[in-house]
2 protein chains.
Amino acid sequence: MTAPVQPFSMPPEAAAGTPDHDGSALDRIGAIQRETLGERVTGELRALLVAGRLAPGEKLSLRRVAEALGVSMMPVREAVSRLAADRALEVLPGRAVRVPVLTLAQFRELTRLRLVVEGFAAEEAARKATPQDIARVTSYDAAFRKAASADPPDSAGAVAANRDLHFALYEAAGMPGLIEMIERLWLKAGPILNIDMRDEPRRLKGGSAMQAHARLLDALRSQDAAAARAALEDDIAAAATHIEETGQLSA
Amino acid sequence: MTAPVQPFSMPPEAAAGTPDHDGSALDRIGAIQRETLGERVTGELRALLVAGRLAPGEKLSLRRVAEALGVSMMPVREAVSRLAADRALEVLPGRAVRVPVLTLAQFRELTRLRLVVEGFAAEEAARKATPQDIARVTSYDAAFRKAASADPPDSAGAVAANRDLHFALYEAAGMPGLIEMIERLWLKAGPILNIDMRDEPRRLKGGSAMQAHARLLDALRSQDAAAARAALEDDIAAAATHIEETGQLSA
DNA sequence: CCAACCTAACTGTGATCACAGATCACGACA
DNA sequence: TGTCGTGATCTGTGATCACAGTTAGGTTGG
C-alpha cells in the first residue's frame, strides 16, 4: 500500500445538542452534521487527488483503502464509484482501480477547458467580488508567498495555499455550479500538476505564479474582468507549460 | 412506483467470437463488451433524466428501481451514488432519493454555464467540423423538423433528435472532456427543460428552435465560429426563457 | 370533529459473503 | 535459457442481511 491514506480522526460526531438559553433555541441548531461514511471517504480521496498526493498510474485497492481508513469496504466502493464517474479515478475492466494517466493530448484538452471555465470564473469574480472576498484572496496569497519563498520551500503548504487562493476567487463569483465544474477539473489535473511538487518544488522558484497572483489581485481591486482573466490564464498556462516540459505524460 | 423505468432488453451479450478466416483473426476481435450492471443502470437513469421522463421532485426508491430493472439493489445504489455526485439526483438526509427541484436562481446559473460551455463547444466545432460531421448534424436536424412539425407533434422524437443534434455538434469539436461537462449540465437541465414536452409540446410550434438550428448549420458550413456560438446561444436562451415563463421553478 | 400518539412499513447505509476474472510467481517442458 | 502452462492470491462486482431513522396511516383520547 503506497497510498498515503490516513485514518480518520473520528471526532465524537460533534456535540450538536448544547441548547442555547435564547428563546429560539430550536431554530439555532441547524441540520446537524449528516455525513455518511461514503461522503467522508470521498472527501478524503478528493483531497489527496487535488493535492497530488496520489500519483498518476498509482493503483488503489478497495480493501486496502478501507483498512487504512478503518471502515468497511462499502463506503470506499461508493467513493471510488463517484470519483470514477468524474474520471478522477478509473476502474480497469478486469482489475484494480488506479489514478488515470493522462496523455499529452488529454492534458492539453484539460488545460484548454480550465482556461475557458476558470477564465470565465475570474471575470465574474472581478465583477462581483466584495472587499471581504478580496481580503480572503489576499490572505491566501500571503500564505502562498510565505510557503513558496521559505527555505526550503514548503511544497505542501504552497499547494494548499494555491488551492485556497483559487477557490476563494471562484467563490467570489457566487456560482456554486461553476465551482463544482472547476473542482472536477482540478480533480483530474491535480495528480499531474502537483506530483512533482512533493519531491522537487523548484517550479516555485520561478516566481511566475506569484507574479500572476499579484496581477490577479490588482485586477480584482480595480474590478477589471479582462485583466483578471488574463492573469489567471497566464497562471494556468505557465503551470501547464512547466508540466509539458518536465512532467511525465504518456503518448 | 411512478418512474417509467423499463426492464433491460438483455441482448445475448453479443457474439464476439465469430472467427474471421483471415490470417490476423486474433487482431480483429477487439475488446469485447465489458459493461457492469451498475454502468448499465447509470446509463438508463441518465437517459431518463435528459429526456425529461423523470420529473423534478419525483422520488425514486432503490428497491423499486432495482425491481423494475430486474437487478439487485446493489447496481442501483452505484448508479444513484454516481448521479448524486453530479447533482443529477439528490439523496435527502433521512429519506429517499429524488430528482432535484431547481430554484429560479439555480436554473439561471445553469443556463449561464450552458451558454459559456456549449457556446465554446459550438465555436470549436465550427472550426473543426468535417463534412461528415456536418452531414450528421444535418440529418438530426431533419429528424427534429419532422418530429416537431408532425401533427400531433412527436414530443419524444423531437427531444431525442434535439439531443442527438446538439451532441453531434459537440462531438465535432473533438474534445471528450468537454462533452462530459456538457452531459453533466444536460443531466441537471433535462428534467426541467423537457418535462413539459411530454404533455404539451406547444413550445415546438414557435419554431424558434428550428430557426436557430438552421442558422447553426449555416455557420457550420461557412466555418463561422462566432455565428455558430450566436445561433447556439439563441437556441439555449429561447428555451430557457420559455421555461422561466411557464415552468415550475421553486423560489 | 380534531389533534396527538403509536405502530407498521419502508427508506438508505453499512457489513458480510460468494464468485468470476485477472495477475503474478513458480515450475515444467522444450 | 527461454517460453508457456498452472495454481494460489487478490481484484471488483453483485447479492443478501441487519439496522437506525423516517414516514404515513390508523386509532385513540380529548
Side-chain angles (χ1 to χ4, degrees), chain A residues 1-3 5 7-8 10 13-14 16-17 29 31-45 57-85 87-100, chain B residues 1-3 5 7-8 10 13-14 16-17 26 29 31-45 57-85 88-100:
Chain A
M1 184 61 182
T2 66
V5 181
F8 289 139
M10 288 287 180
E13 197 57 35
I29 59 165
I32 65 171
Q33 182 171 348
R34 290 296 233 119
E35 197 180 16
T36 69
L37 273 175
E39 290 168 355
R40 203 131 131 204
V41 175
T42 305
E44 198 77 15
L45 291 180
E58 183 165 349
K59 283 185 289 189
L60 299 184
S61 155
L62 297 187
R63 289 175 175 82
R64 296 187 117 94
V65 174
E67 191 179 9
L69 259 45
V71 300
S72 133
M73 216 172 69
M74 208 62 215
V76 180
R77 275 175 74 172
E78 184 180 330
V80 168
S81 182
R82 290 180 176 196
L83 293 169
R87 301 280 195 278
L89 291 177
E90 65 181 0
V91 295
L92 306 185
R95 179 166 172 53
V97 27
R98 69 167 191 182
V99 182
Chain B
M1 184 58 183
T2 65
V5 182
F8 290 138
M10 288 288 181
E13 198 57 37
L26 287 90
I29 60 167
I32 65 172
Q33 181 172 347
R34 292 294 234 116
E35 196 180 18
T36 69
L37 272 175
E39 290 167 355
R40 203 130 132 205
V41 175
T42 306
E44 196 78 14
L45 292 179
E58 183 166 348
K59 283 186 289 188
L60 299 184
S61 155
L62 298 188
R63 288 174 174 84
R64 296 187 115 95
V65 174
E67 192 179 8
L69 260 46
V71 300
S72 131
M73 214 172 70
M74 209 61 215
V76 180
R77 274 175 74 172
E78 183 180 329
V80 167
S81 181
R82 291 180 176 198
L83 293 170
L89 291 177
E90 65 181 0
V91 295
L92 306 185
R95 177 165 173 54
V97 27
R98 69 167 190 181
V99 181

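Just the heavy atoms: all of them, side chains too, but no hydrogens, waters or symmetry mates, feed the values below.
- Taking only side-chain atoms of A:Leu62, from C-beta outward, the nucleotide of D:dT11, D:dG12, C:dG12 with the closest atom is D:dG12.
- Of the candidate nucleotides C:dC24, C:dG12, D:dA15, D:dA15 has the atom lying nearest to any side-chain atom of B:Met74.
- Heavy-atom contacts from other residues, nucleotides or ligands closer than 6.0 Å to CD of B:Glu67 number 12 or fewer.
- The residue A:Val80 sits apart from the nucleic acid: no heavy atom pair falls under 4.0 Å.
- As rounded to whole Å, 15 Å separates atom C1' of D:dT11 from atom CD of A:Glu90.
- The phosphate of D:dT11 (OP1 or OP2) has a side-chain N or O of A:Arg64 nearer than 4.0 angstrom.
- Two end axes, each from the C1' atoms of five base pairs, can be drawn for the helix from C:dC1-D:dG30 to C:dA30-D:dT1; they diverge by 10°, to 10 degrees.
- In this structure, the NZ atom of A:Lys59 is 10 Å from the C1' atom of C:dC24, given to the nearest Å.
- For C:dG14, its base sits under 3.5 Å from the side chain of B:Arg77 at one donor and acceptor pair at least.
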| Do A:Leu60 and A:Val80 pass the side-chain contact (heavy atoms from CB on, under 4.5 Å) test, and can you show the C-alpha distance, the side-chain angles, and the key distance before you say yes or no? | CA-CA 9 Å; A:Leu60 299 184; A:Val80 168; 5.6 Å; no
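- Separating the CZ atom of B:Arg98 from the P atom of D:dT23 is a distance of 12 Å, rounded to the nearest angstrom.
- One interatomic measurement links the two molecules: CG of A:Leu92 to C1' of C:dG21, which rounds to 13 Å at whole-angstrom precision.
- Look at CD on B:Glu35: it is 17 Å from P on C:dG21, rounded to the nearest Å.
- Within 6.0 Å of CD on A:Glu90 lie more than 12 heavy atoms contributed by other residues, nucleotides or ligands.
- One atom, CG of A:Leu37, and another, C1' of C:dT16, lie 16 Å apart when rounded to the nearest Å.
- Between B:Ala79 and B:Gly38, the shortest heavy-atom distance links the atoms CB-O, 4.1 Å.
- Shown here for B:Leu89 and B:Pro100, the closest heavy-atom pair between the two residues is CA-CD, 3.7 Å.
- Side-chain proximity of B:Arg63 to the nucleotides D:dA15, D:dG12, D:dA18 is greatest for D:dA18.
- The side chain of A:Ser72 approaches C:dT16 more closely than any other nucleotide in the set C:dT16, D:dG12, D:dG14.
- Distance B:Glu78 CD to C:dG14 P: 15 Å, rounded to the nearest Å.
- Distance B:Met73 CE to C:dT13 C1': 8 Å, rounded to the nearest Å.
- Nearest nucleotide to the side chain of B:Thr36, out of D:dA24, C:dG14, D:dT13: D:dT13.
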| task | Decide side-chain contact (heavy atoms from CB on, under 4.5 Å) for A:Arg77 and B:Arg77; before the verdict, give the C-alpha distance in whole Å, the side-chain angles of both, and the deciding distance to 0.1 Å. | result | CA-CA 10 Å; A:Arg77 275 175 74 172; B:Arg77 274 175 74 172; over 6 Å; no
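- Heavy atoms from other residues, nucleotides or ligands lying under 6.0 Å from CZ of B:Arg98 number more than 12.
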